[in-house]
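First up is the structure itself, then whatever we jot down about it.
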Protein chains: 2
Amino acid sequence: MTTSLPLSPDYDAWPIEADLEAVSFTSRLLTVRWSDGRESRYHGIWLRENAADETTVNPATRERILDLSTLPGWPEITGAEIDEAGALCVNFVTDVGYLRFHPGWLRAHDYDNAGDPEPPLVPVTLWYGGTEASPDSLDASDLFDTEPFCEAEEAILAPALMSVLSKGIVRLRGLPTEPDSLKAIAQRIGPIRPTNFGLLFDVKAKPDPDSNAYTSIALPPHTDLPTREYHPGLQILHCLENSVEGGEAVMLDGFAVAEALRERDPKAFTTLTRVRWCYANTARTTDYVWYSPMIRLDHRGELLEVRIADFLRGPLQIPFDEVESAYEALMTLQRMLREPGFAIRFTYEPGDAVIFDNRRLLHARDAFEGTSGHRWLQGCYMERDEIRSRYRMVQRARRRRRLTTEV
Amino acid sequence: MTTSLPLSPDYDAWPIEADLEAVSFTSRLLTVRWSDGRESRYHGIWLRENAADETTVNPATRERILDLSTLPGWPEITGAEIDEAGALCVNFVTDVGYLRFHPGWLRAHDYDNAGDPEPPLVPVTLWYGGTEASPDSLDASDLFDTEPFCEAEEAILAPALMSVLSKGIVRLRGLPTEPDSLKAIAQRIGPIRPTNFGLLFDVKAKPDPDSNAYTSIALPPHTDLPTREYHPGLQILHCLENSVEGGEAVMLDGFAVAEALRERDPKAFTTLTRVRWCYANTARTTDYVWYSPMIRLDHRGELLEVRIADFLRGPLQIPFDEVESAYEALMTLQRMLREPGFAIRFTYEPGDAVIFDNRRLLHARDAFEGTSGHRWLQGCYMERDEIRSRYRMVQRARRRRRLTTEV
């Protein structure tokens, strides 16, 4: 007699929002009714592939070991019932015995009733600038007094991760100002992605610069490393010293600018989603080149990323007749990037770490007076994947706590 | 009087294939005739943006400082001539004085006559397997006796880079077998991309595995880390020890498989370019999820990348009516992946480092007998960008030598 619920195929905990009440099936399709009246259909083949038993999932790694195409035939359903523990039990012609499905997991993966099959972890919120605006700022001075993955760390990280996922930016304050402490800050989220500029890079005026970033000149709004096929999804800039005059940080929501362009000048917007600009960073020992539209949309037509950096564009190489309209669209965008209504401006204080989505936000810098003091930021890159993984861990911990409280 | 050619906007050297012989212009368009009879048209605005003078390019970094939209108007051409050094000189209404263009650079960026505006560095060559096939293998035992960026290093690296760019794989032989020497091997190409599995990862059976890779079970053909929005473009596996029975390496050209699928079953191919599968790697402290088609095409309909790993797929979440055809296409692909005609099989020898395109090649492994000896590979990830940058440096060095020989 079965008395407990089966494992889910993953490491996660799945609270039970509703109980299974009834099940019916045909050879390829199974329908369940839940205690709140909802009906959900599942394909037999989908169920077979997502079973959690040891013929399907390696119990040590929770990774799938089943190759569907090695089954002797289509896994047709020959029986189904709800057992005493509340699990869905299904028998397939290709298997001996029932496979059991956790009702909380089944409900969470109810693709038959899913609105958005790929819901964002946190909805995207566009933002605008102006003189009063500043990035979400959070006190993180206790971060290093917490253990990784404990609730106290979560209390600091969770709102920071949410700001980055929704607005593309957060400012953590009160962090250490020792050189290289950015490594430990970043590692609370995930691995750093090194580039030819190093694991960490120092943003300060330096002799023999290999990038305009390492001078004291103003930088126009841009994303970093657009010259890569895969340009980094996250950037962290950590302020160690700032006593110069000028050198204010300027940030724009590139998605807000792009949506405003779509509204005001749809033709220019479409041009910038199509024209493949050349991005090039030719230095003494490296030579990065990539071709891409400035604005990329996902399969739903929503903004996926922007790739903007005038100082890293190489010579445009597109069909002759498309050149003038490409430049017209570019100049429309360039003019918008100078509108004060999009930009927030702030001054880095020592101990600030600004985490931002490098494929959404544009950052810029006023010129600063190199002799008026010291300005030293350390920076690093990561991927959006890391922030999403970390945020999912927060969600998983909350589900687990909720489940523990319920039981 | 001008006697020497101007700088190019970048660090590169541009041999002069043909001399400028004649120039004519309208306010927005300039036409040159070359000594070999070719005619090339350039837009005035394109020329203005790509000038190499100090109002356009920061001389210290060779990066652009001009923002076109800040010019008082469209940069119309008011004069053009070829000077005594052979440079094209153009005067714009918005500037005082002539801007000079290097004829070798102009010719190399002749978008008016370009066939493919984004030519591949090395053409892609599809390959098939069979019992006789093995990866291109190169003796690299002298690699660490050479200085980075010298001609002796280039003699080893250039053919390796070419194999990776054309076939997606190369095997370097005779390298050191000290643990962690992969770091130094990789750094001859570019920076390593660390993941939650570390800067280097050890592929050997280990207790409490967090991936099927770290067991001794067989692994089906797959790409690594498909659970990332940006999954790594390159992987290096470096063999330190291999005395086990079994555990042969198996590699397939995922592009060859995909093209065969396009030919044999166009409907299944199209389905796999459209259906967004869920890739998920749920471990104890990380939770990576991404949605993507298994086959991605570029803007020309050519293969950009494949993303295949049955053991890292989460539950499919797509509209109900598309589920069965998605699984039919998947199983067609799975059956092809088992055809011996696609696979090359080889045994890693200590000192081998196999560099392969992780978004093109599929790698697999036979089960091995964990108690029959030791099998230890170290691996790391990089981006395709690094191999392309390194190969462009080879091309640049060759252009420079050619130029030096000519002069």
Side-chain angles (χ1 to χ4, degrees), chain A residues 10-12 41 43 45-46 50 58 60-65 67-69 109 111-112 114 117-118 149 190-191 193-196 209-212 215 220 228-230 282-288 291 310-313 315-318 320 323-324 327 331 334-335 383-385 389 392-393 396, chain B residues 10-12 41 43 45-46 50 58 60-65 67-69 109 111-112 114 117-118 149 190-191 193-196 209-212 215 220 228-230 282-288 291 310-313 315-318 320 323-324 327 331 334-335 383-385 389 392-393 396:
Chain A
D10 49 38
Y11 284 100
D12 215 327
R41 297 173 298 168
H43 292 86
I45 195 158
W46 185 94
N50 289 296
N58 179 345
T61 62
R62 310 308 298 161
E63 290 177 355
R64 180 179 293 113
I65 51 175
D67 178 337
L68 275 182
S69 70
H109 296 89
Y111 59 95
D112 189 18
E118 299 172 28
F149 296 101
R193 178 176 165 191
T195 70
N196 56 310
D210 51 357
S211 162
N212 285 355
T215 66
R228 269 72 168 177
E229 177 178 10
Y230 274 14
T282 311
R284 288 186 184 82
T285 58
T286 55
D287 197 329
Y288 293 94
Y291 300 88
D310 279 344
F311 55 100
L312 293 170
R313 278 193 295 99
L316 182 63
Q317 300 286 297
I318 60 172
F320 188 83
V323 170
E324 287 211 349
Y327 275 109
M331 286 191 281
Q334 285 173 330
R335 281 188 292 267
E383 284 307 324
R384 288 174 173 175
D385 296 309
S389 168
R392 277 190 207 96
M393 289 305 299
R396 207 200 287 178
Chain B
D10 51 37
Y11 284 100
D12 214 329
R41 295 173 300 167
H43 292 87
I45 195 158
W46 185 95
N50 289 296
N58 178 344
T61 62
R62 309 309 296 162
E63 290 176 356
R64 180 179 294 113
I65 50 174
D67 177 338
L68 274 182
S69 70
H109 297 90
Y111 58 95
D112 188 20
E118 300 172 28
F149 297 100
R193 178 175 164 192
T195 70
N196 55 311
D210 52 355
S211 161
N212 285 353
T215 66
R228 268 73 166 176
E229 177 177 11
Y230 274 14
T282 310
R284 286 184 187 83
T285 58
T286 54
D287 197 328
Y288 293 94
Y291 300 88
D310 279 344
F311 55 100
L312 293 170
R313 275 193 297 99
L316 182 63
Q317 300 286 299
I318 60 171
F320 189 84
V323 170
E324 288 212 346
Y327 275 109
M331 287 190 281
Q334 285 173 330
R335 281 187 292 269
E383 285 306 323
R384 289 174 172 175
D385 295 308
S389 169
R392 278 190 207 96
M393 288 304 300
R396 207 200 287 179

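Sequence lines set the chain letters: A, B, ... in the order given, protein chains first and strands last, and positions in each chain run from 1.
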Once rounded to the nearest 0.5 Å, what's the spacing between atom [atom1] of [X] and atom [atom2] of [Y]?
{"X": "A/Thr282", "Y": "B/Met393", "atom1": "OG1", "atom2": "CE", "answer": "9.5 Å"}
{"X": "A/Gln334", "Y": "B/Ser69", "atom1": "CD", "atom2": "OG", "answer": "4.0 Å"}
{"X": "B/Gln317", "Y": "B/Tyr291", "atom1": "CD", "atom2": "OH", "answer": "6.0 Å"}
{"X": "B/Asn196", "Y": "B/Asp287", "atom1": "CG", "atom2": "CG", "answer": "11.0 Å"}

Looking at [options], which one has more heavy-atom pairs under 4.5 Å with chain B than the rest?
{"options": "A/Asp67, A/Leu312, A/Ile65", "value": "A/Asp67"}
{"options": "A/Ile318, A/Thr285, A/Asp310, A/Thr195", "value": "A/Thr285"}
{"options": "A/Glu324, A/Arg228, A/Arg193, A/Glu383", "value": "A/Glu324"}

Considering only heavy atoms, which portion of [X] lies under 4.5 Å from any heavy atom of chain B: side chain, backbone, both, or neither?
{"X": "A/Tyr288", "value": "both"}
{"X": "A/Pro191", "value": "side chain"}
{"X": "A/Arg396", "value": "side chain"}
{"X": "A/Pro315", "value": "both"}
{"X": "A/Arg335", "value": "both"}

Subject >> Distance-only polar pair, side chains of A/Asn58 and A/Arg64, donor-acceptor under 3.5 Å >> reply: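 There is no such pair between these side chains.
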Subject >> Mutual orientation of the aromatic rings belonging to A/Tyr111 and A/Trp46 [parallel < 30°, tilted 30-60°, perpendicular > 60°] >> reply: tilted
Original post:
Counting heavy-atom pairs under 4.5 Å to chain A, which of B/Met331, B/Arg62, B/Glu118 comes out on top?
Top reply: B/Glu118
Subject >> Contact origin within B/Arg41 toward chain A - heavy atom pairs under 4.5 Å >> reply: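 The answer is both parts of B/Arg41.
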Original post:
Between B/Phe320 and A/His43, does the ring centroid distance fall short of 6.0 Å?
Top reply: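 Ring centres of A/His43 and B/Phe320 closer than 6.0 Å.
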